[in-house]
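Letters A, B, ... are given to chains in the order of the sequence lines, protein chains preceding strands, and every chain is numbered from 1. Just the heavy atoms: all of them, side chains too, but no hydrogens, waters or symmetry mates, feed the values below.
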Amino acid sequence: MEVNLSSFRRISLSRKTRLIASLLILFLAWEAIAVFVEVFRNVPFPTPLETFTRLVDLITGEPLYGIPIYKHLVDSVSRWILGFGLAVAVGIPLGILLGYSTAMWDLFMPIIYVIQTIPGPAWIAVALMLFGLGNAPAVFMIFIVVFHAVVITTASGARGISRRYVNAAKMLGADSATIFFKVFLPAATLPIVSGLRIGLGNGWRVMVAAEMIAGTASGLGYSIIESRWSLDFTSAFVCMLLVSAFGLLTQRVIFAKIERRIMRRVGLMEVS
Amino acid sequence: MFLEVQNVTKVFRSSENEKPIVAVKDLSLSVPRGEFLCILGPIGCGKSTLLNMIAGFERPTKGRILLEGKPITGPGPDRVMVFQEETLFPWMTVLENIRFGLRFKGLSEEETEEEARRYLSLVGLEKFGDFRPHELSGGMKRKAELARALALNPKLLLMDEPLSSIDAISKMSLLQEILSIWEKSRKTIVYVTHNIDEALFLADRIIVLTARPAQVKREVVIHNPKPRDLLGSEMIDLKRQLIEELAQSHALEEHVLTPG
């Protein structure tokens, strides 16, 4: 018995150890590539240490392209939240409608699929014509990408998952208003949350790309693309690090927590 | 006759270029009031389709289905189905689930509550009213589902392989439960299964279907009083016959060789 117990503990401990080891592998590989590039191509390649040093410099107030790093981060996040928020506000109701009505699905889903095939940054022409340079075209690109993810996931999920509950409700004699509000909507929670998760990730990635091309003059994506001219690749690495760290924090930690809470609320424990 | 299925054919066409699937072909049967009828057939033979048509979820391609002489046009609370899959609403407690159907019956608040609790205790779940479905075992969920169905006081109770996902031990007690509910309520029950033991234990009459397209292959009336001892020689004989019937109508499948 004791042997078993201790081996259990060792498993959970070893998983944590492996996570640390995994990060260690990442940084070692990075270091190795940096050394390799410097030796064979004679190009200064930012090492992890250099990047962290630069991160500290930037955090302690050194401006990047005339703007504090905080402002870049805040601007990026606000564009993301704005684009995401607008897309969710339109996308969830539309997704629910398309999931509920086959006629609506037939009418609008093909359009959504057309939109889906076009990657976010490819909307640049449309974005510029509609909004000119600056914040708005970037928000527009984020909006588009989150929008189709939310609509498609919500609509197709709601259609599949809700059918058995809707059938059961019909059989129990429920009227259509009750079916919609008390059965269809709660059953659609799972796909709605999945749609939000996918949209959150899509939006975050497109945010970086959008800032590179929409002339936002601030933001993490903007700072990365500027390194083409400034050759300040170390700062570009800092920005990549922030993109990743902030993306992981918001999606894997914060949203995952919210998701679990919602699922428990609805009584649907499975998280796809 | 209470329930009549008259020359019913059901054809599914998934898309225009695909070959149509004939699930049920020219099938007729009738069920007197109060009978416990088991429809026995191999997996995928179209027996669930038949049940779905009686419930009103599907329309027959040909033929018609009459309940007390009136054609069935859609789902309704006079014919309640207990599905193979779980359909308890996971976001409601067990009691709320049972109340859900009762609110459309025009009862007062107190009557609804009283009825819900009555059916909850009928299936022995009185202590679990405030639990959510995911907190219950598979067998308890089935009982809750049964209580929700019975609370509507339907004329006809339809059961679509309700025990197929239940482990063998819980299954025995659920079979007893279903039987005692039938004895108390004397509801007309149409129970679809591929499990011979379930049919032998429950049925007044067993209808064996052919493989797809489903047609009536054989009818067995069982007069033995319930509850029945499935290990008695008579039942064993009957079981052997039924295994042969099923084996003929379908390549012998695992579930036929090792009935639960």
Fill in: residues 140-150 of chain A: residues contacting chain B (heavy atom under 4.5 Å, by number)
none
Practice prompt. Scan for side-chain hydrogen bond (donor to acceptor under 3.5 Å, both in side chains) pairs involving residues 247-256 of chain A, sequence neighbours excluded, and state none if there are none.
Written response: none
Discussion item. Going by side chain to side chain donor-acceptor pair (under 3.5 Å), name the residues that satisfy it together with Lys143(B), two or more places apart in sequence or in a different chain.
Written reply: none
Item to complete: Taking ring-ring contact (aromatic ring centres under 6.0 Å, His included) as the test, write out the residues that go with Trp204(A), two or more places apart.
Response: Trp80(A), Phe246(A)
Worksheet entry | More than 12 heavy atoms of other groups within 6.0 Å of Glu85(B) CD | yes
Worksheet item: Between Ser76(A) and Glu211(A), do the side chains contain an N or O donor and an N or O acceptor separated by less than 3.5 Å?
Response: yes
Worksheet item: Which bit of Leu88(B) is near chain A, if near means a heavy-atom gap under 4.5 Å: side chain, backbone, both or neither?
Response: backbone
Discussion item. Could you walk me through whether Glu68(B) and Lys155(B) satisfy the salt bridge (Lys or Arg N to Asp or Glu O under 4.0 Å) test, starting with their C-alpha distance in whole Å, then the side-chain angles of each, then the deciding distance to 0.1 Å, before giving a yes or no?
Written reply: CA-CA 10 Å; Glu68(B) 295 181 312; Lys155(B) 292 175 185 161; 3.0 Å; yes
Worksheet item: Using non-hydrogen atoms only, which part of Arg79(B) is less than 4.5 Å away from chain A: side chain, backbone, both, or neither?
Response: backbone
Discussion item. Assess, by modelled atom type and distance only, whether the side chains of Ser121(B) and Arg117(B) contain a donor and an acceptor separated by less than 3.5 Å.
Written reply: no
Worksheet item: What part of Glu145(B) gets closer than 4.5 Å to chain A, counting heavy atoms only: side chain, backbone, both or neither?
Response: neither
